[in-house]
A.B. asks: 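Take this structure, written in structure tokens, and hold onto it; I'll ask about it next.
Below, chains carry the letters A, B, ... as their sequence lines are ordered, and counting in each starts from 1.
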Protein chains: 2
Amino acid sequence: MSELISQAYERLRSQGGRMTNQRRLLLSILDSLGEHPTAEELLLIARKQDPDLNLSTVYRTLRWLEAENLVSARLFAEERRQERFDAVLPSEHHHFMCTNCKNVIEFDTELLVDIKSQFQDSSGASVSMGSIVLYGLCPSCRQGSVAQELDREVG
Amino acid sequence: MSELISQAYERLRSQGGRMTNQRRLLLSILDSLGEHPTAEELLLIARKQDPDLNLSTVYRTLRWLEAENLVSARLFAEERRQERFDAVLPSEHHHFMCTNCKNVIEFDTELLVDIKSQFQDSSGASVSMGSIVLYGLCPSCRQGSVAQELDREVG
DNA sequence: GCCCTTATTGCAAATCATTTGCAATAATTA
DNA sequence: TAATTATTGCAAATGATTTGCAATAAGGGC
Ligand SMILES: [Mn+2]
Ligand SMILES: [Mn+2]
Ligand SMILES: [Zn+2]
Ligand SMILES: [Zn+2]
């Protein structure tokens, strides 16, 4: 069983919580989906298997997972101001969002630890976590815009 | 006159926009305030000088500044999910938020450029901007929690 | 397996943050 | 100073998320 799901079971057990069908379903989707769904997107996916699932339940589950530090929520620079949710496990990572097509690419870096310690040393704070979001053009949108520039130059 | 304010005048001129009392006031606050107010906080501050100022006007002004890239908006991990606004000028910088007292500390780093180029090289994307948010305990809250730990140990 | 307790759900309504339509006002320009 | 129209304040709308509550179902003990 995945890290996320076994962690969820453990937290529920220690809190006297219950593993419902709804939670099991949402967890399995979050676990396997290689994306960053909004609550609504997650609902749509989940309803294929449980058509009666309610948006409130999705939010309640996500907020619980967030409080347990098993899921992180963030707002990217998009038109609709909906939070996007991301399983924290198996590994911490960062995000790039294409300003053109809005696709998100995940990436890792060992350089953030240097930034953390640099900041800790100069400020006296203790840093427990950090996240980086980069914006720009993804490879394919970049091609598109190069082509457009050529069009403009050549006419 | 500050970079922010002179830039605002310039953009207005080139767009046939008007420099109203409301905009002048909001700009001067954003320019001098060393914080990251929400729209509502900004309204409260501004109403000391213009009691009739309306929240819509605050939002409209902030969104215009955001579109002009003179202000950035972000959501920190707080209880209330309100955006916080930050003058982009005079210089790009990053943020640390204390998870305990919610205070924000700004910091600079030259290491982000390395992360950007590392990502650009490995992904083929082109990165135009990036932001880092760190979370942890600020110096004074850190002291508090050290004291608490001692209390617990000593009894 | 069945019962009991109560955590969780679905639903509808509420709340919170932000945006919008519109008539009145005020900044610019001639 | 008058004409033009961008901007404002206000109230209502919208979009995202949360909440109260009665009905349901998990899971522990029998
Ligand atoms: Mn991710
Ligand atoms: Mn700042
Ligand atoms: Zn793209
Ligand atoms: Zn603090």
A.B. asks: Any donor-acceptor pair under 3.5 Å between the side chain of R60(A) and the base of dG10(C)?
C.D. replies: yes
A.B. asks: When the distance from CG of L25(B) to P of dT8(D) is rounded to whole Å, what number comes out?
C.D. replies: 11 Å
A.B. asks: Rounded to the nearest angstrom, tell me the gap between atom CG in L75(A) and atom C1' in dC16(C).
C.D. replies: 15 Å
A.B. asks: Within the pair Q22(A) and dG10(C), is there a side-chain N or O less than 4.0 Å away from OP1 or OP2?
C.D. replies: yes
A.B. asks: Which residue lies toward the 5' end of DNA chain D, R47(B) or G16(B), if each is placed at its nearest nucleotide?
C.D. replies: G16(B)
A.B. asks: Return yes if a side-chain donor-acceptor contact under 3.5 Å exists between T109(B) and Q118(A), otherwise no.
C.D. replies: yes
A.B. asks: R63(B) CZ to dA6(D) C1': how many Å, rounded?
C.D. replies: 20 Å
A.B. asks: Send over the distance from L55(B) CG to dA12(D) P, rounded to a whole Å.
C.D. replies: 16 Å
A.B. asks: Starting at atom CZ of R74(B), determine the distance to atom C1' of dA17(C), rounded to an integer number of angstrom.
C.D. replies: 19 Å
A.B. asks: Taking only the side-chain heavy atoms of R18(B) (C-beta and beyond), determine which of dT9(C), dT5(C), dA6(D) contains the nearest atom.
C.D. replies: dA6(D)
A.B. asks: Using atom CG of D52(A) as one end and atom C1' of dA25(D) as the other, report the distance to the nearest whole Å.
C.D. replies: 14 Å
A.B. asks: Counting the atoms with a prime plus P, OP1 and OP2 as sugar-phosphate, which does L53(A) contact under 4.0 Å by heavy atoms, base, sugar-phosphate, or nothing?
C.D. replies: sugar-phosphate
A.B. asks: With nearest nucleotides of DNA chain D determined for M19(B) and E83(A) from heavy-atom distances, which residue corresponds to the more 5′ nucleotide?
C.D. replies: M19(B)
A.B. asks: Run R24(B) and Y9(B) through side chain to side chain donor-acceptor pair (under 3.5 Å) and show every step you take.
C.D. replies: CA-CA 10 Å; R24(B) 228 188 319 274; Y9(B) 269 99; 3.1 Å; yes
A.B. asks: Between atom CD in Q15(A) and atom C1' in dA26(D), what is the gap in whole Å?
C.D. replies: 16 Å
A.B. asks: Under 3.5 Å, is there a donor on one side chain and an acceptor on the other for E106(B) and H36(B)?
C.D. replies: yes
A.B. asks: Which nucleotide in the set dT8(D), dA16(D), dA12(C) lies at the smallest distance from any side-chain heavy atom of R23(B)?
C.D. replies: dT8(D)
A.B. asks: For N54(A) and dA13(C), what is the distance between atoms CG and P respectively, to the nearest whole Å?
C.D. replies: 14 Å
A.B. asks: Can any side-chain N or O of R74(B) pair as donor or acceptor with the backbone N or O of E83(B) at less than 3.5 Å?
C.D. replies: no
A.B. asks: Would you indicate, yes or no, if dA27(C) has its OP1 or OP2 atom less than 4.0 angstrom from a side-chain nitrogen or oxygen of N21(B)?
C.D. replies: yes
A.B. asks: Looking only at side-chain atoms of T20(B), point me to the closest of dT8(D), dA11(D), dG10(C).
C.D. replies: dT8(D)
A.B. asks: Choosing from dT18(D), dT28(C), dT19(C), which nucleotide comes nearest the side chain of R81(A)?
C.D. replies: dT19(C)
A.B. asks: Side chain of T57(B) only, heavy atoms from C-beta on: which candidate in dG9(D), dA16(D), dC16(C) is closest?
C.D. replies: dG9(D)
A.B. asks: Give a yes-or-no answer on whether the side chains of E68(B) and Q15(B) include a donor-acceptor pair shorter than 3.5 Å.
C.D. replies: yes
A.B. asks: Can you find a donor-acceptor N/O pair under 3.5 angstrom joining the side chain of S56(A) to the base of dT9(C)?
C.D. replies: no
